[in-house]
Amino acid sequence: MNNPNTPDCRFVLVGTSHSGNLGATARAMLTMALDRLVLVDAQCAVDEQAIAMAAHAAPVLTGADQHTTLAPAVADTGLCLGLTARPRRDGVPALTPREAAATIAAEPGPVAVLFGRERTGLTNEELACCHRLVHIPANPDYPALNLAAAVQLMAYEIFVARDAVAGGSVPSPEPATPYATGAHLEGLHGQLEALADATGYTRRGPRAVMLRRLRHFINRARPSVDEVDLLRGLLKRLRP
């Protein structure tokens, strides 16, 4: 199971439709010392097939947290990464799994790694909750990576990166000012959205696209708790 001295790293499956993938995910995680599984808007049950596929990792599956929406699943995380089929989104390149794993290993607080639906992946709105995106390079003629295979690949890279930190070949990160959590950032996003609407700025173009780009900008910056409090205090003065 997870080393108690390492930060919480949860794998979040969004909208999974095949129960076998739930069990295969649990097994892939536990082989790499990860045991925190979260299911969001699951379209299938934890049934006999899921338990069979999980094998000895069944406790990871049966102990998974379940939510109907994404926000509560990442509310307490300081870093949220989302898997995407595109190597670039909104002009920003996605990390490779190895780069993402190094980022996770250096993170002092809770981390969430999001995996989308088997057929359609994560929505734009769900990706807008992420601080970083991750793209797994594959054969461009057949980039059909199974959900459980993507989970196994990410879990392996995280295991290797954490092992390097624990073994001393990579320096342990220095303590830093805490990053704002997902819940804290949602408050800031809500204030910015309200201000953009009140000033008429959202009428300049497609509202959803503008707000999503604003979210990406803030999330990529990864502001600290103090910085978010500063911005929220200023916005409150601008629009009580």
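The chain is numbered in sequence order, starting from 1.
Remark: side-chain polar atoms of Asp8 are not paired, donor with acceptor, to backbone N or O of Val111 under 3.5 angstrom. Thr199 places a side-chain N or O within 3.5 Å of a backbone atom of Ala196 that can act as its donor or acceptor partner. Using a distance-only test at 3.5 Å, with no hydrogens or angles considered, no donor-acceptor pair links the side chain of Thr16 to the main chain of His18. Of the possible donor and acceptor atoms, one in the side chain of Arg132 sits under 3.5 Å from a partner among the backbone N and O of Arg220. The closest donor-acceptor contact from the side chain of Arg222 to the backbone of Gly78 lies under 3.5 Å. Glu157 places no side-chain N or O within 3.5 Å of a backbone atom of Ala100 that could act as its donor or acceptor partner. Panel note: side chain Gln191, backbone Leu188; no donor-acceptor pair is recorded below 3.5 Å. Arg232 places no side-chain N or O within donor-acceptor distance of the main-chain N or O of Leu185, the cut-off being under 3.5 Å.
If you chain together hydrophobic residues whose side chains sit under 4.5 Å apart, Val209 and Leu133 never meet in one group. No continuous path of ILVMFWY side-chain contacts below 4.5 Å connects Val40 to Leu13, so the two sit in separate hydrophobic clusters. Under the 4.5 Å side-chain heavy-atom criterion for ILVMFWY residues, no single connected hydrophobic cluster contains both Leu39 and Leu70. Cluster membership for Leu30 and Ile158, using ILVMFWY side-chain heavy atoms within less than 4.5 angstrom, is shared. Under a hydrophobic-cluster definition in which Ile, Leu, Val, Met, Phe, Trp and Tyr are linked whenever side-chain heavy atoms come within less than 4.5 Å, directly or via other members, Val74 and Leu83 are assigned to different clusters.
The side-chain heavy atoms of Gln152 and Thr25, taken from C-beta on, include no pair separated by under 4.5 Å. Leu22 is not listed as a side-chain neighbour of Gln49, based on a closest heavy-atom distance of 4.5 Å or more. Inter-residue side-chain proximity for Val113 and Cys9 is flagged as met; some heavy-atom pair is nearer than 4.5 Å. When side chains are defined from C-beta on, Met29 counts as touching Leu37, because their heavy atoms get closer than 4.5 Å. Side-chain contact check for Phe11 versus Val151: some heavy-atom pair is nearer than 4.5 Å. Contact check for Leu114 versus Leu127: no side-chain heavy atoms found under the 4.5 Å cut-off. Using a 4.5 Å cut-off on side-chain heavy atoms (C-beta onward), Met32 and Met154 make no contact. No side-chain heavy atom of Leu230 sits under 4.5 Å from any side-chain heavy atom of Val228.
Going from atom CD of Glu99 over to atom CG of Leu81 covers 11.5 Å, rounded to the nearest 0.5 Å. Going from atom NE2 of His189 over to atom CG of Leu192 covers 8.0 Å, rounded to the nearest 0.5 Å. The OG1 atom of Thr120 sits 5.5 Å away from the CZ atom of Arg117 when rounded to the nearest 0.5 Å. If you take CG on Leu234 and CG on Asp229, they are separated by 12.5 Å, rounding to the nearest 0.5 Å. In this structure, the separation between CD on Glu193 and CD on Glu186 is 9.5 Å, given to the nearest 0.5 Å. Here OH of Tyr179 is found 6.0 Å from CD of Glu107. Values are rounded to the nearest 0.5 Å.
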| query | Asn21 and Glu118: side chain to side chain contact (heavy atoms under 4.5 Å, CB included), yes or no, with the steps? | reply | CA-CA 9 Å; Asn21 281 332; Glu118 289 94 337; 3.0 Å; yes
| task | Applying side chain to side chain contact (heavy atoms under 4.5 Å, CB included), run through Cys80 and Cys130 and close with a yes or a no. | result | CA-CA 5 Å; Cys80 182; Cys130 300; 4.0 Å; yes
| task | Take Asn124 and Glu126, measure what side-chain hydrogen bond (donor to acceptor under 3.5 Å, both in side chains) needs, and give me the verdict at the end. | result | CA-CA 5 Å; Asn124 286 331; Glu126 290 158 353; over 6 Å; no
| Thr84 and Leu122: CA distance, side-chain angles, deciding distance, side chain to side chain contact (heavy atoms under 4.5 Å, CB included) verdict | CA-CA 7 Å; Thr84 174; Leu122 297 165; over 6 Å; no
| query | Between Tyr201 and Met210, does a side chain to side chain contact (heavy atoms under 4.5 Å, CB included) hold up when you go through it step by step? | reply | CA-CA 9 Å; Tyr201 193 79; Met210 190 278 285; 3.8 Å; yes
| message | Test side-chain hydrogen bond (donor to acceptor under 3.5 Å, both in side chains) on Thr202 and Asp197; report intermediate values, then the result. | response | CA-CA 6 Å; Thr202 49; Asp197 285 336; 2.8 Å; yes
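Of all heavy-atom pairs spanning Ala54 and Arg27, the tightest one is O-CB, 3.7 Å. Of all the heavy atoms in Pro143 and Asp141, the pair that sits closest is CD-C, 3.8 Å. Of all the heavy atoms in Leu147 and Gly116, the pair that sits closest is CD1-O, 4.1 Å. Closest approach of Asp35 and Val60 over heavy atoms only: O-CG1, 3.7 Å. Taking every heavy atom of both residues into account, Ser19 and Cys44 meet most closely at N-SG, 3.5 Å.
Arg10 and Asp76 are joined by a salt bridge, as a carboxylate oxygen and a charged side-chain nitrogen come within less than 4.0 angstrom of each other. Contact check on Glu125 versus Arg215 returns no salt bridge, with no Lys/Arg side-chain nitrogen under 4.0 Å from an Asp/Glu carboxylate oxygen.
A donor atom on one side chain and an acceptor atom on the other are not found under 3.5 Å apart for Thr68 and Asp41.
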